[in-house]
2 protein chains.
Amino acid sequence: MSDATSSLDPVQLGAYFDLIEVTSLLRHAVEQQLRESGDLSYVQFQLLARLGDSPTGSHRMTDLADGVVYSRSGLTYQVGLLEKEGLVVRAPSPDDERSVTVTLTGAGRELLAKVLPGHVEVVSGLLFAPLSHDEVRSLAGLLAPVRDHMRATPPRSAASRRRKGGA
Amino acid sequence: MSDATSSLDPVQLGAYFDLIEVTSLLRHAVEQQLRESGDLSYVQFQLLARLGDSPTGSHRMTDLADGVVYSRSGLTYQVGLLEKEGLVVRAPSPDDERSVTVTLTGAGRELLAKVLPGHVEVVSGLLFAPLSHDEVRSLAGLLAPVRDHMRATPPRSAASRRRKGGA
DNA sequence: CCGACTTGCTTCGAATTCGAAGCAGAGGTA
DNA sequence: TACCTCTGCTTCGAATTCGAAGCAAGTCGG
């Protein structure tokens with residue numbers, strides 16, 4: 001363990017705080033827009049968007065949870081809501097009998113198309129407005145390696161479902 | 001400036017997605033560390049940290065809520081928890097009788113000092129590890145204007161407590 | 001001084017979120 | 001095949017979160 005990690009530069013601290021604050025504010029604004037324009041929560045929108053991105057319009061539950069950084073149980077709940085609204089469909093996976101495949105319906109695709117422009121507008125106006133295109137490129141270039149690093153780093157104690165406490 | 005607010009570049013899209021994902025992963029990891037080392041939620045830690053930053057160790061409720069981007073009612077709840085734990089104290093403000101001033105106690109300061117090193121370590125190892133110091137500086141330089149812009153931009157319909165719906 | 005409006009915080013009910021526990025299918029080894 | 005383990009999802013209870021409504025103090029115009 002390096003001991004040099006015992007403190008953060010003012011520069012680092014600023015970057016960290018700004019990152020948190022920017023994301024919180026952005027999320028807040030986006031949430032509001034989504035609620036007004038399509039009665040969707042941010043999580044629900046993320047799920048629909050991710051499904052819409054897929055060529056087949058479907059994903060497994062686990063992949064969705066990993067993609068959105070969401071607990072399994074919470075995902076079950078939200079997908080249940082989306083299914084009740086007729087925006088997605090759940091079906092057992094052909095390969096793997098325990099897997100559940102979630103697929104976007106026509107209605108889901110429509111709703112996605114309906115809320116997307118407003119969503120983009122909020123993100124553009126809030127996140128990208130103060131940045132030039134080159135700066136956005138820089139930002140993307142800085143975030144990508146961080147994202148990869150985080151994805152590769154196991155969340156502290158990777159022991160998936162081992163018993164936790166005693167020896 | 002590009003006027004094309006109707007769609008996002010692939011570059012913009014990537015930056016946006018990475019921003020969300022990075023923050024989610026970071027928050028998740030930090031949350032876990034805080035829970036283990038000091039039985040604090042992220043929000044609670046943020047509140048303590050913000051109080052610790054203040055020269056007087058105290059803030060008004062509203063300023064805390066704004067600083068952490070938190071609903072007022074949620075803040076009341078969390079400050080209540082912190083007070084029950086003896087980490088903070090609530091007192092009416094001298095100037096403004098309706099204002100409540102939240103102040104860090106000795107125990108709060110101790111706990112903060114106890115969890116801070118681990119927190120810093122997680123942030124360093126996850127967020128800053130893949131970046132050089134110059135890159136961190138760049139990141140900070142990019143985020144600062146965005147933060148200022150977001151702070152200055154009223155959240156859609158600024159009508160603070162006006163009635164919402166009607167004409 | 002009075003009344004209308006604004007601001008600061010809390011209470012309340014409803015919705016969301018998580019982790020632990022449980023069930024069932026899949027994969028490997030003897 | 002029998003058994004053991006791991007993976008994928010759901011159910012359950014508890015904790016957190018938010019927005020709407022309410023109360024009290026401050027501010028301004030008359």
Side-chain angles (χ1 to χ4, degrees), chain A residues 24 27-29 31-32 34-36 39-47 59-85 88 90-102 155-165, chain B residues 24 27-29 31-32 34-36 39-47 59-85 88 90-102 155-165:
Chain A
S24 292
R27 188 181 179 119
H28 215 71
E31 210 141 48
Q32 198 168 330
L34 289 172
R35 182 72 60 193
E36 288 170 6
D39 207 45
L40 283 174
S41 73
Y42 191 39
V43 177
Q44 292 171 338
F45 170 75
Q46 279 185 295
L47 294 175
H59 272 304
R60 295 188 313 144
M61 292 286 282
T62 293
D63 296 336
L64 279 177
D66 288 347
V68 182
V69 187
Y70 208 69
S71 74
R72 286 20 182 1
S73 51
L75 182 66
T76 295
Y77 175 74
Q78 285 295 348
V79 169
L81 289 185
L82 291 176
E83 190 174 37
K84 199 180 307 177
E85 298 287 329
V88 303
R90 259 189 288 207
S93 182
D95 306 334
D96 203 329
E97 194 57 37
R98 7 171 224 179
S99 246
V100 169
T101 302
V102 184
R156 213 64 180 131
S157 52
S160 48
R161 209 192 307 198
R162 256 64 197 289
R163 74 205 194 290
K164 51 188 171 185
Chain B
S24 292
R27 189 182 178 119
H28 215 72
E31 210 141 50
Q32 198 169 330
L34 289 172
R35 181 73 59 193
E36 288 171 6
D39 207 45
L40 284 174
S41 74
Y42 191 38
V43 177
Q44 293 172 336
F45 171 74
Q46 278 184 296
L47 295 174
H59 272 305
R60 295 188 314 144
M61 291 287 281
T62 293
D63 297 336
L64 278 177
D66 288 347
V68 182
V69 187
Y70 208 69
S71 74
R72 288 8 174 17
S73 51
L75 182 65
T76 295
Y77 174 74
Q78 285 295 349
V79 170
L81 289 185
L82 291 177
E83 189 174 36
K84 199 180 306 176
E85 297 287 329
V88 303
R90 260 188 287 208
S93 182
D95 306 334
D96 204 331
E97 194 56 37
R98 30 192 194 159
S99 246
V100 169
T101 301
V102 183
R156 214 62 181 130
S157 50
S160 48
R161 212 188 307 195
R162 255 67 196 288
R163 74 208 193 289
K164 52 188 171 185

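Chain letters run A, B, ... following the sequence lines, proteins first and then strands; every chain starts at 1.
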message: Report for the helix from C:dC1-D:dG30 to C:dA30-D:dT1: angle between first-end and last-end helix axes, five pairs each, rounded to 10 degrees.
response: 30°
Those residues that, when tested against [X], pass side chain to side chain contact (heavy atoms under 4.5 Å, CB included) (two or more places apart):
X	answer
B:Glu83	B:Val88, B:Arg90
B:Asp39	B:Arg35
B:Thr62	B:Arg60, B:Asp66, B:Arg72
B:Val43	B:Arg27, B:Ser41, B:Leu47, B:Tyr70, B:Gln78

message: Which is more 5' along DNA chain C, the nucleotide nearest A:Val43 or the one nearest B:Val100? Just name the residue.
response: B:Val100
d([atom1], [X]; [atom2], [N]) in whole Å:
X	N	atom1	atom2	value
A:Gln46	C:dT16	CD	C1'	15 Å
A:Asp39	D:dG19	CG	P	14 Å
B:Leu47	D:dT16	CG	C1'	13 Å
A:Gln44	C:dT17	CD	C1'	13 Å
B:Tyr42	D:dT16	OH	C1'	17 Å
A:Glu31	D:dT17	CD	C1'	11 Å
B:Gln32	C:dC18	CD	P	13 Å

query: Near DNA chain D, under 4.0 Å by heavy atom, which residues of residues 77-84 of chain B?
result: B:Tyr77, B:Gln78, B:Leu81
Would you indicate, yes or no, if [N] has its OP1 or OP2 atom less than 4.0 angstrom from a side-chain nitrogen or oxygen of [X]?
X	N	result
B:Ser99	C:dC9	yes
A:Ser41	C:dT16	no
B:Arg35	C:dG19	no

query: So which heavy atom on A:Gly74 is nearest to which on A:Ser71, and how close?
result: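 That would be N-OG, 3.1 Å.
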Heavy-atom pair with the smallest gap, counting every atom of A:His28 and B:Val69: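 Closest pair (atom of A:His28, atom of B:Val69, distance): ND1-CG1, 4.2 Å.
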query: Listed by chain and number, what are the ring pair (Phe, Tyr, Trp, His ring centres under 6.0 Å) partners of A:Phe45, not counting sequence neighbours?
result: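 Expected list: A:His119.
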- prompt: Which residues within residues 60-74 of chain A lie with some heavy atom under 4.0 Å of an atom in DNA chain C?
  reply: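 Within residues 60-74 of chain A, the residues near DNA chain C are A:Tyr70, A:Ser71, A:Ser73.
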- prompt: What distance do A:Leu75 atom CG and A:Leu82 atom CG have between them, rounded to the nearest 0.5 Å?
  reply: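 A:Leu75 atom CG to A:Leu82 atom CG measures 9.0 Å (nearest 0.5 Å).
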With the criterion being N/O to N/O and under 3.5 Å, what pairs connect the protein with nucleotides 25-29 of chain C, and how long is each?
from, atom 1, to, atom 2, distance (Å)
C:dG25, N2, A:Arg98, NH1, 2.6
C:dA26, OP1, A:Glu97, N, 3.1

